[in-house]
Amino acid sequence: MKRKVYTLIFVKKHNEVLLGLKVRGFGVGLWNGFGGKVETGESIHEGAKRELKEESNLNVNSLEHVGIITYEGDPCQSVVHVFTTYNTAGQLKVSEEMNPITWYKFNDIPYQKMWPDAKLWYPYMLQDKYFVAVIKYIGAKISETFITPCDANK
Ligand code: 6U4
Ligand code: NA
Ligand code: NA
């Protein structure tokens with residue numbers, strides 16, 4: 001089966017990260033970073049920049065690739081490429097997909113209103129520590145996880 005490829009982008013400053021409340025589509029009602037499916041003909045980085053613009057109106061030049069998550073289990077096997085940035089341009093705006101958009105302190109992340117796997121790997125993302133995660137869901141429940149930090153490039 002072909003995996004769907006997604007991006008997930010976290011805009012950060014000091015000890016805060018920008019999260020949006022998903023008001024449409026997959027994960028509706030949950031807080032998350034910005035992102036979506038990589039489209040045919042674009043690179044993963046291009047897809048990440050496009051999704052950030054579409055969902056928050058922010059422009060970004062460089063993104064740091066901080067992790068890869070693969071989700072196992074039916075019906076959606078997917079791979080999510082996680083990026084961070086400290087440098088954006090333009091005026092932050094809510095979108096049809098993310099509203100409201102709020103800065104959250106690292107020690108005040110709303111994990112109880114996020115995907116259940118978020119709390120497992122956000123600590124690495126928040127520290128810009130490269131990580132690899134494999135998360136297996138059965139229905140809405142996590143059945144198995146494998147998460148490892150990977151410091152080779154740092
Ligand atoms: P449409 O509505 O077709 O434009 P698109 O924006 O391309 O959708 P979307 O929003 O469905 O894609 O992408 C899902 C987003 O949710 C991606 O950024 C990846 C992220 N995501 C998916 N599963 C997740 C999970 N289990 N935990 C998590 N983020 C997840 O924290
Ligand atoms: Na999206
Ligand atoms: Na989108």
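Keep in mind that what you see is a predicted model, and the values were worked out from it rather than measured. Atoms within a ligand are numbered from 1 in the order they appear, just like the ligands themselves.
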Looking only at protein heavy atoms, what sits closest to atom 28 (C) of ligand 1 is Trp115 CD1, 3.2 Å
**OP:** Applying side-chain contact (heavy atoms from CB on, under 4.5 Å), run through Val82 and Tyr124 and close with a yes or a no.
**Re:** CA-CA 11 Å; Val82 183; Tyr124 300 112; over 6 Å; no
> Can Arg50 and Glu46 be said to form a salt bridge (charged side-chain N to carboxylate O under 4.0 Å, His left out), step by step?
Replying inline: CA-CA 6 Å; Arg50 176 185 51 73; Glu46 286 165 351; over 6 Å; no
Counting heavy atoms under 4.0 Å, the part of Met114 that contacts ligand 1 is neither
Quiz item: Is the closest heavy atom of Glu54 to ligand 1 under 4.0 Å?
Solution: no
Are Val23 and Leu18 connected into the same hydrophobic cluster when the rule is that any two of I, L, V, M, F, W, Y join if their side-chain heavy atoms are below 4.5 Å apart?
no
of all protein heavy atoms, closest to atom 6 (O) of ligand 1 is Glu97 OE2, 3.1 Å
Looking only at protein heavy atoms, what sits closest to atom 25 (C) of ligand 1 is Tyr71 OH, 3.1 Å
### Task
Run the contact test for Gly35 against ligand 1 with a 4.0 Å cut-off on heavy atoms, strictly below, and give the result.
yes
Partner of His81 under side-chain contact (heavy atoms from CB on, under 4.5 Å), picked from Val5, Leu8, Leu63, Val66, is Val5
Atom 12 (O) of ligand 1 sits nearest the protein heavy atom Gly36 CA, 3.3 Å
Apply side-chain contact (heavy atoms from CB on, under 4.5 Å) to the pair Asn32 and Phe10, showing each step before the final yes or no.
CA-CA 9 Å; Asn32 210 341; Phe10 294 95; 4.2 Å; yes
Checklist entry - According to the interplanar angle, ranging from 0 to 90°, do the rings of Trp115 and Tyr137 count as parallel (below 30°), tilted (30 to 60°) or perpendicular (above 60°)? => result perpendicular
Does at least one non-hydrogen atom of Glu55 fall below 4.0 angstrom from an atom of ligand 1? yes
At under 4.0 Å between heavy atoms, what of Asp117 touches ligand 1? The answer is side chain
Ignoring waters, protein N/O/S atoms under 3.0 Å from the Na ion (ligand 2) are Gly35 O, Glu55 OE2, Glu97 OE2
Expected output: side-chain Asn57 to main-chain Gln91 donor-acceptor under 3.5 Å: yes
From the list Thr84, Thr88, Asn87, Asp128, side-chain hydrogen bond (donor to acceptor under 3.5 Å, both in side chains) with Lys12 holds only for Asp128
closest protein heavy atom to atom 9 (P) of ligand 1 is Lys22 NZ, 3.9 Å
Looking only at heavy atoms, the pair that brings Lys37 and Tyr6 closest together is CG-CE2, 3.3 Å
* For side-chain contact (heavy atoms from CB on, under 4.5 Å), just list the numbers for Leu58 and Thr85, CA-CA rounded to whole Å, side-chain angles, deciding distance to a tenth of an Å, and then say yes or no. => CA-CA 11 Å; Leu58 295 174; Thr85 181; over 6 Å; no
Atom 3 (O) of ligand 1: closest protein heavy atom, distance to 0.1 Å, is Lys37 NZ, 3.1 Å
among protein heavy atoms, the one nearest atom 2 (O) of ligand 1 is Arg24 NH2, 3.7 Å
With heavy atoms and a 4.0 Å threshold, my read on which part of Glu51 contacts ligand 1 is side chain
Nearest heavy-atom approach of Gly35 to Glu51 is O-OE1, 3.4 Å
Residues Tyr122 and Gly33: closest non-hydrogen pair is OH-N, 4.0 Å
Near Leu8 (heavy-atom distance under 4.0 Å), the atoms of ligand 1 are 18 (O), 29 (N)
To atom 17 (C) of ligand 1, the nearest of Thr7, Ile9, Val80, Asn32 on a heavy-atom basis is Thr7
Query raised in the report: Yes or no on side-chain contact (heavy atoms from CB on, under 4.5 Å) for Ile68 and Tyr130, after CA distance, side-chain angles and deciding distance?
Result: CA-CA 8 Å; Ile68 299 176; Tyr130 193 87; 3.5 Å; yes
In this structure, atom 22 (C) of ligand 1 is nearest to the protein heavy atom Phe26 CE2, 3.7 Å
Logged contact type for Trp121 with ligand 1, heavy-atom cut-off 4.0 Å, is side chain
Here the pair of heavy atoms bringing Pro110 nearest to Leu19 is CD-CD1, 4.0 Å
